[in-house]
Protein chains: 2
Amino acid sequence: MSFREDGHLAVDWAANYLERVGELPVLAQVKPGELTAKLPAAPPEHGAPFTDVLHDLDELLVPALTNWQHPRFFAYFAVTASEPGILAELLAAALNQVAIVWRASPASTELELRTVDWVRQLLGLPEGWHGHIEDTASTSTLAALIAARHVTGRNAVVCSEHAHSSVEKDARMLGMELRKVATDDELSMRTDGLELDDVAAVVATVGTTSFASVDPVRELAERAHAAGAWLHVDAAYAGSSWILEEERWSQDGVELADSLVINPHKWLLVPMDCSLLWTARPDEFREAFTLTPEYLRTADDAFALADYGPALGRRFRSLKLWAVLRCYGAEGLRAIQREHIRLASLFADWVEADPDWELAAPLRFSLVVFRRKGSDEENQRILEHANASGEIFLSHTKLSGRYVLRLAIGNARTTEDDVRRAWEVLNR
Amino acid sequence: MSFREDGHLAVDWAANYLERVGELPVLAQVKPGELTAKLPAAPPEHGAPFTDVLHDLDELLVPALTNWQHPRFFAYFAVTASEPGILAELLAAALNQVAIVWRASPASTELELRTVDWVRQLLGLPEGWHGHIEDTASTSTLAALIAARHVTGRNAVVCSEHAHSSVEKDARMLGMELRKVATDDELSMRTDGLELDDVAAVVATVGTTSFASVDPVRELAERAHAAGAWLHVDAAYAGSSWILEEERWSQDGVELADSLVINPHKWLLVPMDCSLLWTARPDEFREAFTLTPEYLRTADDAFALADYGPALGRRFRSLKLWAVLRCYGAEGLRAIQREHIRLASLFADWVEADPDWELAAPLRFSLVVFRRKGSDEENQRILEHANASGEIFLSHTKLSGRYVLRLAIGNARTTEDDVRRAWEVLNR
């Protein structure tokens, strides 16, 4: 194959896809197993030209895509793989760095430390924190719990009933005991009666998955530390909003955290996957992972990023983070987030102004949680019809047992027209 | 920015890099912190054109790369990001699938199951095994140990003294007790006196990192199962060689494994990262991770790939595996591996024919472990000079306390001339 020729075809394919993605159904309109039935059951014996891959991508795979790049993707947390991020992934794959130790890729190791520190500065986080990149918040929180258990010698984890499912899964994987705490009217973790004396880690969430609600981080941090527990903050979605001064209200107390996870693949235009994990206690954190004994530690240990998380081999993920930060600049990222928050606020206004609808949770960041005044079945039917139309894709959650809808704004292509269209489809 | 225009520039940059990579130093010729000092300490406020990224890539990052794509990269395990794999990463980033559940990406979920099953067939592994993709063998083995502890209710892990460091790190992260077992003259795990009654998992290695030695998998599997323990096989490097009938001697007993990890990013031309994890006991494996209670299980659970490993969000990794399998076909992959094995054998012949050198371990797969007859210091000096020359890059290991050199062949660009050049540099 000619890499150059095929490469130009691939770029054109990607460019065409991104230009027309808004015309595709948002949610894949296929049944489970439908794609599988079309793929050969046996592997190919002979090689085929790369154009065959592009052909089958169109014919077989595109119909089975749920289009996360679609401007009317409003489910889960909407995300964006921006153009510099996409191209940086091409470059990273071509360079194929495997950063197991510093010398195996000085470029990947040092760019990672530098760009993660750039994000720290942009978000107004404390100096001196050590940050690196994991794949997802599940892994970042897993690493934090491992560090917490190592440091405290304890085995219990405390989080709110609305914490992300990964906290429960992580605790389960580690054989740690999970204690879920009820929330108050604002869907924030309650702190009355909290007993932390035998607790390894308290996980505070800033921007819960269901409602984007915010736990009282400062109080939790103070109480955790008084009890000798580790305070981990999961701000996977909402933490990115701290690039905006006006959203830093939700950062109160985060400077006291022992570790913090924020995912630039959620709301900072970086393609999947890129999860940032900082710790205020790098030496102790590292001790939980490293196999290098104390007496062999050197000044270069900060460069041994595999010593701060589960994986040894590390992909050159910082390249896309660097490209996005370079090409948008802080002001470009701020402008996009401000627009998303404005659009969410606009949609929330429409909901509140309509006697048939109501907000189900306080508006936070760019997530609107709402419902039609009526039965759960009616709300479920509305959502299913809307998603089946292919015009929009929203997800739902449960609040006090009731079925509520979530409209999450986070795609850089989303315009006011797209949000208006969502409102129209839901009201049809 | 114009994605199309910048994309063509990025492809040309990557094509130029791959064309001239053999002229660059293999090992980065920089000191720790040298790149960091050149990168701005503060993040950019304003956006820049993508061409600035390409410019700084040349000026700042390329000198700090250790070039894993270089034909004379012989360190660790040499790898290849092949051209279809690189372009598939571009496409995957453009599509930005986040496969948290089936509906979030039917394409990613079903292509992953299908392509991993293609590899299963190519390697001659048992039907019915459930396979999925993790990032690295560290994570795959972590998942296997989690499953083993869940199934057995026990807490000890047994592996050979030459097992990969990730086994020790994984056990440490999970709070499991690791027991290392001595090896015999062939550097295979000894089985005499093995007590497995309280053991959760035995990790057998096919192709150890240091020597590519092979543990007695059949016997370990039989003894593990007799004792109620889980048998995990780490064939991260060597397992790929089972696409060759003549290398299946090392597969003996693997059909008895409870789980198996093989990394196509090592020796199947797939860019970093792509680690395949199969289990013969998918229901029990899944139970260790899932938060879905038994009574809610449905026939679609096999599609919930996040239920078989730590992460929830999953990148569209199968696209590159698919592209590589499609464009090379089984015969293309076999031809490359056969050539690598031939080159390793050739190099081993030169070592054996030279009275100043000796093989330090039996030749296995495409890894030659050897040393100059002389002191450890002499061998170390030879390696340091060779690596500092930038012409070749080899790594070393310790065998019974002695310093030995490793020549690992695994890059698709490597020719007989490159291997000859390595021999010349080492003899200089």
Side-chain angles (χ1 to χ4, degrees), chain A residues 3-4 7-8 10-11 14-15 28 30 32 35-36 39 43-48 50 53 61 64-66 68-69 81 83-84 86-87 89-90 93-94 96 98 104-107 110 114 118 121-122 136 138 146 165-166 173 271-273 291 300 311-313 315 323 326-330 332, chain B residues 3-4 7-8 10-11 14-15 28 30 32 35-36 39 43-48 50 53 61 64-66 68-69 81 83-84 86-87 89-90 93-94 96 98 104-107 110 114 118 121-122 136 138 146 165-166 173 271-273 291 300 311-313 315 323 326-330 332:
Chain A
F3 176 71
R4 200 178 291 266
H8 290 306
V11 164
V30 294
L35 170 60
T36 304
L39 294 166
E45 177 62 22
H46 307 293
F50 187 74
V53 169
L61 294 182
L65 293 172
T66 289
W68 288 72
Q69 297 275 49
E83 284 128 349
I86 295 167
L87 298 180
E89 284 286 60
L90 163 73
N96 205 34
V98 186
S105 181
E110 297 192 25
R114 182 57 93 190
W118 280 2
Q121 295 174 55
L122 290 173
T136 62
S138 300
I146 289 167
S165 61
S166 61
M173 289 190 285
M272 180 72 188
D273 47 8
L291 302 177
D300 293 343
L312 173 63
R315 204 162 66 85
R326 291 291 304 275
C327 293
Y328 283 88
Chain B
F3 176 72
R4 200 178 291 267
H8 290 307
V11 164
V30 293
L35 170 60
T36 303
L39 294 166
E45 177 63 22
H46 307 294
F50 187 74
V53 169
L61 294 181
L65 294 171
T66 289
W68 288 73
Q69 297 276 48
E83 283 127 349
I86 295 167
L87 297 180
E89 284 286 60
L90 163 72
N96 206 32
V98 185
S105 181
E110 297 192 25
R114 183 56 94 190
W118 281 3
Q121 295 175 54
L122 290 173
T136 62
S138 300
I146 289 167
S165 61
S166 61
M173 289 190 286
M272 179 72 189
D273 47 8
L291 302 177
D300 293 343
L312 173 63
R315 205 162 66 86
R326 291 291 304 277
C327 293
Y328 283 88

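Heavy-atom basis, side chains included; hydrogens, waters and symmetry copies ignored. Numbers restart at 1 for each chain; the letters A, B, ... are given by sequence-line order, proteins then strands.
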Mind checking the CD-CG spacing from A:Glu45 to B:Leu122? Nearest 0.5 Å is all I need. 8.0 Å

CD1 of A:Ile146 to CE of B:Met173, rounded to nearest 0.5 Å, is 5.0 Å

Heavy-atom pairs under 4.5 Å with chain A - which of B:Pro43, B:Pro106, B:Ala93 has more of them than the others?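 That would be B:Pro43.
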
With B:Arg114 via salt bridge (charged side-chain N to carboxylate O under 4.0 Å, His left out) - residues at least two apart: none

Restricting to salt bridge (charged side-chain N to carboxylate O under 4.0 Å, His left out), what partner residues turn up for A:Arg315, sequence neighbours left out?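 Once residues adjacent in sequence are excluded, the partners of A:Arg315 under the salt bridge (charged side-chain N to carboxylate O under 4.0 Å, His left out) criterion are A:Glu89, A:Asp273, B:Asp273.
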
Which one of [options] has the most heavy-atom pairs closer than 4.5 Å to chain B?
| options | value |
| --- | --- |
| A:Ala94, A:Ala14, A:Pro271 | A:Ala94 |
| A:Ala28, A:Pro32, A:Ala107 | A:Pro32 |
| A:Leu291, A:Leu61, A:Val30 | A:Leu291 |

Heavy-atom distance under 4.5 Å to chain A: side chain of B:Gln121, backbone, both or neither?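 B:Gln121 touches chain A through side-chain heavy atoms alone.
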
Part of B:Leu39 lying under 4.5 Å from any heavy atom of chain A: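 The answer is both parts of B:Leu39.
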
Considering all heavy atoms of both residues, which atom of [X] and which atom of [Y] are nearest to each other, and what is their separation?
| X | Y | result |
| --- | --- | --- |
| A:Trp68 | B:Ala104 | NE1-O, 2.8 Å |
| A:Cys327 | B:Val53 | SG-CG2, 3.8 Å |
| B:Val11 | A:Phe3 | O-CE2, 4.0 Å |

A side-chain contact here means heavy atoms from C-beta on lying under 4.5 Å apart; do B:Leu312 and A:Ser138 qualify? yes

Select one option (side chain, backbone, both, neither) describing which atoms of A:Thr136 are under 4.5 Å from chain B's heavy atoms. side chain

